[in-house]
Peer 1: 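Below are the structure tokens for one structure; questions will follow.
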Amino acid sequence: MTLTIPGFDHIRLPGADGVELAAAVGGSGSGSPVVLLHGFPQTHLMWRHVAERLADERTVICPDLRGYGASDKPAATDPDVYAKRTMAADVVTLAAALGHERFALVGHDRGALVAFRAGLDHPETITHLGILDIVPTLDMWNVLRGVSAAVGYHLFLMAQPPGLPETMIAGSADAFFGSFLDAWANDPTTMPEDVRAEYLRASAAAVTSIVADYRASAGIDVTHDQADLDAGSQLAMPVTVVQQDWGAQLGYDAAGVWKAWAPDLDHRLTRAGHFMAEEAPDEITAAIRSLLAR
């Protein structure tokens, strides 16, 4: 049985191109809606603490991305299937199915890459944009250099042609996905055993689609970001970025990277680990509330 956010309805909704997404939907409905997108190797469950805090104020929508959790996992028959452009269209379609033509969007990790693309592709729809612990895809590849790039070894593994990455990961799925849950958390005790087990179960059942999502970020997603960079495209809405101090660790100006894309930027550093919505839900909720007030 899929674990979901207590008190939320767990339903299926249409995404783009006939794909269906599973989503937890709850909240008062009194304020403008906010959509929360999860990261790797997780499901919508990662938002449980933040979603419950926001639910008294507005409608909160927490989908599983295509290829993850209980959402559809279409075969990657062409690069567009797991392009962040397509995954962003999923989110816009899902929200429209619930009657929301405009909404705030917050993403973590892989979900933040989808949110970034949604902000560029759908500026008339995304009112506010929150980003947790990434830089855009194009910038990500540019800052991973030398031995420091070892922190992102999985990006290079899953960028390889179909076959070997899927076989290697499927052969040791719990060890592979579990290693990130261990290494990226400052305080692993904030992730209860039943939640960890749910992430491992869901990820092991989605190896092929997870790899396809990452492979897109070494190909078509770079192409889309480069086209926007060349065109001078920027995020038109207020943007809040919360991340670990990756700039210091990898030797780049993280705030400067984001300022080039987001003129209306609130850039924050956190002492929480990568899974900050679970480790520091009060901090992340406060950042989202501050964003929505702008």
Side-chain angles (χ1 to χ4, degrees), residues 4-5 7-16 19-40 42-72 84-134 213 235-242 262 276-278 281 284-285 287-294:
T4 191
I5 299 170
F8 278 47
D9 296 324
H10 194 241
I11 60 178
R12 294 186 68 80
L13 294 162
V19 166
E20 287 193 347
L21 304 184
V25 181
S28 67
S30 59
S32 57
V34 59
V35 178
L36 307 176
L37 304 180
H38 68 86
F40 162 93
Q42 298 173 291
T43 70
H44 74 276
L45 190 62
M46 64 150 283
W47 287 110
R48 61 197 179 279
H49 302 310
V50 173
E52 289 174 340
R53 285 162 169 76
L54 294 174
D56 289 339
E57 307 160 19
R58 59 190 69 245
T59 298
V60 183
I61 305 162
C62 304
D64 287 336
L65 299 170
R66 74 160 58 195
Y68 289 79
S71 290
D72 285 354
K84 303 309 157 293
R85 173 160 287 161
T86 304
M87 297 169 81
D90 280 339
V91 177
V92 171
T93 302
L94 176 148
L98 291 170
H100 305 302
E101 299 299 327
R102 286 170 57 78
F103 56 91
L105 182 60
V106 182
H108 172 254
D109 189 83
R110 307 305 294 173
L113 297 176
V114 175
F116 172 74
R117 176 46 52 192
L120 289 173
D121 286 358
H122 304 277
E124 73 290 347
T125 300
I126 310 305
T127 62
H128 302 76
L129 186 65
I131 300 289
L132 303 187
D133 221 27
I134 64 151
D213 165 39
L235 296 162
M237 65 291 298
V239 176
T240 292
V241 175
V242 184
M276 56 190 68
E278 290 167 289
I284 299 307
T285 302
I288 294 172
R289 285 176 173 149
S290 177
L291 167 66
L292 296 176
R294 283 159 61 193

Peer 1: Would you mind reporting whether S71 and V19 have side-chain heavy atoms less than 4.5 Å apart?
Peer 2: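 They are not in side-chain contact.
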Peer 1: In the structure I gave you, are the side-chain heavy atoms of T285 and L54 within less than 4.5 Å of one another anywhere?
Peer 2: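 Result yes, sub-4.5 Å side-chain heavy-atom pair found.
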Peer 1: To the nearest 0.5 angstrom, please state how far the CZ atom of R110 sits from the NZ atom of K84.
Peer 2: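 NZ of K84 is found 5.0 Å from CZ of R110.
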Peer 1: May I ask you to test the V60-W47 pair for a side-chain heavy-atom distance under 4.5 Å?
Peer 2: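 The answer is no, as the side chains (C-beta and beyond) never meet within the 4.5 Å cut-off.
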Peer 1: Is there a donor-acceptor contact under 3.5 Å from the side chain of R58 to the main chain of S32?
Peer 2: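 The answer is yes, because a donor-acceptor pair under 3.5 Å joins these two groups.
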Peer 1: Find the distance between CD1 (I288) and CG (L132) and round it off to the nearest 0.5 Å.
Peer 2: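 If I round to the nearest 0.5 Å, the distance is 6.5 Å.
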Peer 1: Starting from the C-alpha separation in whole Å, work towards a yes-or-no answer on side-chain contact (heavy atoms from CB on, under 4.5 Å) for T240 and S290.
Peer 2: CA-CA 9 Å; T240 292; S290 177; 5.8 Å; no
Peer 1: Taking R53 for its side chain and H49 for its backbone only, find out whether a donor-acceptor pair lies under 3.5 Å.
Peer 2: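 Yes, the answer is positive, given that a donor and an acceptor are paired below the 3.5 Å cut-off.
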Peer 1: Closest approach of P238 and L291, non-hydrogen atoms and distance?
Peer 2: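 In this case the closest contact between P238 and L291 is O-CD1, 3.6 Å.
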Peer 1: Quick check for you: to the nearest 0.5 Å, what is the distance between L105 atom CG and M237 atom CE?
Peer 2: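 Those atoms lie 9.0 Å apart.
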Peer 1: I'd like to know if the side chain of D64 reaches the main chain of A22, judged simply by a donor and an acceptor atom lying under 3.5 Å from each other, with no hydrogens or angles considered.
Peer 2: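 It does not hold such a pair.
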Peer 1: Is the closest side-chain heavy-atom distance between D56 and S28 below 4.5 Å?
Peer 2: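 A side-chain contact is absent here, since even the closest heavy-atom pair is not under 4.5 Å.
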Peer 1: Side chains of I61 and V34: closer than 4.5 Å at any heavy-atom pair?
Peer 2: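 Of all side-chain heavy-atom pairs linking V34 with I61, none is under 4.5 Å.
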Peer 1: Consider salt bridge (Lys or Arg N to Asp or Glu O under 4.0 Å). Of D90, D213, D72, which one does R66 pass it with?
Peer 2: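 Checked D90, D213, D72 against R66; only one passes salt bridge (Lys or Arg N to Asp or Glu O under 4.0 Å): D90.
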Peer 1: Which heavy atom in A23 sits nearest to a heavy atom in L94, and how many Å separate them?
Peer 2: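 Heavy atoms of A23 and L94 come nearest at CB-CD1, 4.3 Å.
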Peer 1: Enter the distance from Y68:OH to H44:NE2 here, rounded to the nearest 0.5 Å.
Peer 2: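 Between Y68 OH and H44 NE2, I get 15.5 Å after rounding to 0.5 Å.
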Peer 1: What distance do R117 atom CZ and M87 atom CE have between them, rounded to the nearest 0.5 Å?
Peer 2: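 Rounded to the nearest 0.5 Å, the CZ-CE separation comes out at 13.0 Å.
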Peer 1: Compare every heavy atom of H128 with every heavy atom of R294, then report the nearest pair and how far apart it is.
Peer 2: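 Of all heavy-atom pairs spanning R294 and H128, the closest is O-NE2, 3.2 Å.
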Peer 1: Can you tell if the side chain of L13 reaches within under 4.5 Å of the side chain of P63, non-hydrogen atoms only?
Peer 2: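 When only atoms from C-beta onward are counted, P63 and L13 do not touch, as no gap falls below 4.5 Å.
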Peer 1: Heavy atoms only: give me the nearest G111-L37 pair and the separation to one decimal.
Peer 2: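 G111 and L37 have their closest heavy atoms at O-CD1, 3.5 Å.
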Peer 1: Below 4.5 Å, heavy atoms only, C-beta onward: do R48 and E278 meet side chain to side chain?
Peer 2: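 Heavy-atom side-chain distance check passes, below 4.5 Å.
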Peer 1: Counting distance only, does the side-chain N/O of H38 pair as donor-acceptor with the main-chain N or O of L65 below 3.5 Å?
Peer 2: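 Such a contact is found between H38 side chain and L65 backbone.
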Peer 1: For a quick test of reading the model, state the closest non-hydrogen atom pair linking I131 to A112 and the distance between them.
Peer 2: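 Where I131 meets A112 most closely, the heavy atoms are CD1-O, 3.5 Å.
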Peer 1: For residues T59 and F103, determine if any side-chain heavy atom of one lies less than 4.5 Å from a side-chain heavy atom of the other.
Peer 2: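 With C-beta onward as the side chain, the pair stays apart.
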Peer 1: Between atom CG of L129 and atom NE2 of H122, what is the distance when rounded to the nearest 0.5 Å?
Peer 2: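 Reported value, rounded in 0.5 Å steps: 12.5 Å.
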Peer 1: Which atom pair, heavy atoms only, marks the closest approach of A24 to T4?
Peer 2: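 That would be CB-OG1, 3.5 Å.
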